[in-house]
Amino acid sequence: MARVRYGARTEAEIAAARTASSKLPDIWSTGVVAVWESDPDAVAAVLPPPLKPTGRPLVRVNISKVELTGYPLGAGSFAVAAAHDGVEGWYPLVMPMTHERALTGGREVFGEPKKLGEVTVERVGLVVHASLARHGIAFVEVRGAISEELPLPGPTQKTDFYFKFLPAADGSGFDADPVLVHCLRNEKVRRLERVTGDVVLRESMYDPVADLPVRTLVDITIGEKTSDQRGRVVERVDARALLPYIHQRYDDPQQIHDGPPEGSA
């Protein structure tokens, strides 16, 4: 009988896949990063417990492209500064990806709020333009020009916070208590330049980042970097405390709160 591709894989095949994924070379991306101070009440309002605000109401958008052979990838992240149990990091609200492969693993393994979208990073001479778009709306746009080359930072470790959960089959909440994940990224930079420009946030009912306005622009840079990542579950989360925030993950809030019709089998 011919191989049934949906059938079980052998232990050797599973081990080979794990070995291949653990030996990936450094993958370098070109990315634009903008950081600004926003409304402190707005930043606090989007943080599910047990996350708490930090000393500054910072917002960060990261818009990157990766020139993978035969598989160019656009990746974005819109995040707010947050702290948990003495650790400061970032809580992403939306992470547009241009391909399903990048989307699926991050959502299922780490709980990342990834969604399919359009990601643009362009540089023509000294002019830089980057944007994140979904449903025909470029809800974040960064525009500017290179103003200076910056010294390269040493390797750094950064933390992102994610909530990993499974919506209940009967529409009543969750199948089990959600967990809080600390995702650690070791980052190396080989090129970094400052951009003088601005950040534009556009209204979108699907990605309402305009609620976190640019009060004071801190920095815009463009650079080339590579990073790895590993996650760990740090605690289980009160389901009732997280439930009011899970609409952040979905375009249609009813997608998570609607259960099956009464009397359905």
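When a residue number appears, it is its place in the shown sequence, counting from 1.
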Quiz item: What distance separates T159 OG1 from L184 CG, expressed to the nearest 0.5 Å?
Solution: 4.5 Å
Exercise. Please determine if R185 and E112 form a salt bridge, counting it only when a charged side-chain N lies under 4.0 Å from a carboxylate O.
Key: yes
Quiz item: Do E193 and L150 come close enough that some side-chain heavy atom pair is under 4.5 Å?
Solution: no
Quiz prompt | Y91 reachable from V181 in the ILVMFWY side-chain graph, under 4.5 Å edges | solution = no
Quiz prompt | Passing option when V119 is tested against L73, V66, I63 for side-chain contact (heavy atoms from CB on, under 4.5 Å) | solution = I63
Quiz item: If we only count heavy atoms from C-beta on, is the F78 to P92 side-chain gap below 4.5 Å?
Solution: no
Quiz item: Do you know the tightest heavy-atom contact between I246 and Y250?
Solution: O-CD1, 3.3 Å
Exercise. Can you measure from CG (D160) to SG (C183) and round to the nearest 0.5 angstrom?
Key: 6.5 Å
Quiz item: Shortest non-hydrogen contact from D177 to V237?
Solution: CB-O, 3.9 Å
Quiz item: Does the side chain of F163 reach to within under 4.5 Å of the side chain of L180, using non-hydrogen atoms?
Solution: yes
Quiz prompt | Flag, side chain of T226 to backbone of I27, donor-acceptor distance under 3.5 Å | solution = yes
Quiz item: Of all heavy-atom pairs between L132 and S77, which one has the smallest distance, and what is that distance?
Solution: CD1-N, 4.4 Å
Quiz item: When clusters are formed by joining ILVMFWY residues with side-chain heavy atoms under 4.5 Å apart, either directly or through shared neighbours, do V127 and V195 land in the same one?
Solution: no
Quiz item: Which heavy atom of S38 sits nearest a heavy atom of V43, and at what distance?
Solution: CB-CG2, 4.2 Å
Quiz item: Taking atom types as modelled, is there a side-chain donor on D207 or H135 under 3.5 Å from an acceptor on the other?
Solution: no
Quiz prompt | Interatomic spacing from CG in D85 to NE2 in H182 - rounded to 0.5 Å | solution = 7.0 Å
Quiz item: Side-chain donor-acceptor pair under 3.5 Å between D219 and T221, yes or no?
Solution: no
Exercise. Using atom types as modelled and distance alone, determine if a side-chain donor or acceptor of H129 lies under 3.5 Å from a backbone N or O of V124.
Key: no
Quiz prompt | Common cluster, F161/L242, ILVMFWY with side-chain heavy-atom separation under 4.5 Å | solution = yes
Quiz item: With a cut-off of 6.0 Å (strictly less than), are more than 12 heavy atoms of other residues, nucleotides or ligands near CD of Q157?
Solution: yes
Quiz prompt | L152 side, atom CG; E224 side, atom CD - distance, nearest 0.5 Å | solution = 10.0 Å
Practice problem: Could you tell me whether the side chain of R190 reaches within less than 4.5 Å of the side chain of W28, counting heavy atoms only? | Solution: yes
Quiz item: For V209 and V140, what are the C-alpha separation, side-chain angles and deciding distance, and is it a side-chain contact (heavy atoms from CB on, under 4.5 Å)?
Solution: CA-CA 8 Å; V209 300; V140 181; 3.9 Å; yes
Self-check item: Side chain proximity check, R194 to I146, heavy atoms < 4.5 angstrom
Solution: no
Quiz item: Does E149 reach the side chain of L192, with side-chain heavy atoms less than 4.5 Å apart?
Solution: no
Quiz prompt | F174/F165 aromatic ring centres below 6.0 Å | solution = yes
Quiz item: Less than 4.5 Å apart, any side-chain heavy atom of V94 and any of P113?
Solution: no
Quiz item: Side chains of V128 and V142: does their closest heavy-atom pair fall under 4.5 Å?
Solution: no
Exercise. In sequence, state the C-alpha distance, the side-chain angles, and the governing distance for M97 and M95, and then conclude on side-chain contact (heavy atoms from CB on, under 4.5 Å).
Key: CA-CA 6 Å; M97 301 284 140; M95 300 176 69; 4.2 Å; yes
Practice problem: Determine the minimum heavy-atom distance between L51 and L47, stating which atoms define it. | Solution: O-CB, 4.2 Å
Practice problem: Answer yes or no: is there a donor N or O on one side and an acceptor on the other, between the side chain of S29 and the main chain of G31, under 3.5 Å? | Solution: no
Quiz item: Judged by atom type as modelled, is there a donor-acceptor pair below 3.5 Å linking the side chain of E108 to the main-chain atoms of G105?
Solution: no
Practice problem: Flag yes if more than 12 heavy atoms outside K115 fall under 6.0 Å of its NZ atom; otherwise flag no. | Solution: yes
Practice problem: Search all heavy atoms of G173 against all heavy atoms of L243 and return the closest pair with its distance. | Solution: CA-CD1, 4.2 Å
Quiz item: Is V234 reachable from V87 through a run of I, L, V, M, F, W or Y residues, each pair having side-chain heavy atoms under 4.5 Å apart?
Solution: yes
Exercise. Decide if atom CZ of R9 counts as having more than 12 heavy atoms of other residues, nucleotides or ligands within a radius under 6.0 Å.
Key: no
Self-check item: Heavy-atom neighbours of E148 CD exceed 12 at 6.0 Å
Solution: yes
Quiz item: Atom CG in D198, atom CG in L217: separation rounded to 0.5 Å?
Solution: 8.0 Å
Self-check item: Donor-acceptor contact present, side-chain W36 to main-chain L212, <3.5 Å
Solution: yes
Practice problem: Take I14 and E11 through the test side-chain contact (heavy atoms from CB on, under 4.5 Å) and record every step on the way to the result. | Solution: CA-CA 5 Å; I14 294 172; E11 291 185 5; 5.6 Å; no
Practice problem: Salt-bridge test for E118 and R134: reply yes if a basic N is under 4.0 Å from a carboxylate O, no otherwise. | Solution: no
Quiz item: Can you tell me if R107 uses its side chain to pair, donor with acceptor, with the backbone of K114 under 3.5 Å?
Solution: yes
Quiz item: Going through the distances and angles, do W90 and K158 end up as a side-chain contact (heavy atoms from CB on, under 4.5 Å)?
Solution: CA-CA 8 Å; W90 298 93; K158 299 180 179 179; 5.6 Å; no
Quiz item: Counting only heavy atoms not in R5, do more than 12 fall under 6.0 Å of its CZ?
Solution: no
Practice problem: Salt-bridge test for E187 and K225: reply yes if a basic N is under 4.0 Å from a carboxylate O, no otherwise. | Solution: yes
Practice problem: Apply salt bridge (charged side-chain N to carboxylate O under 4.0 Å, His left out) to K65 and E122, showing your working. | Solution: CA-CA 9 Å; K65 64 177 181 180; E122 298 173 334; over 6 Å; no
Quiz item: Are V32 and V218 in one and the same hydrophobic cluster, where Ile, Leu, Val, Met, Phe, Trp and Tyr link if side-chain heavy atoms are under 4.5 Å apart?
Solution: no
Quiz item: Sub-3.5 Å donor-acceptor pair from the side chain of D228 to the main-chain atoms of N186, do we have one?
Solution: yes
Practice problem: To the nearest 0.5 angstrom, please state how far the CG atom of L93 sits from the OH atom of Y245. | Solution: 11.5 Å
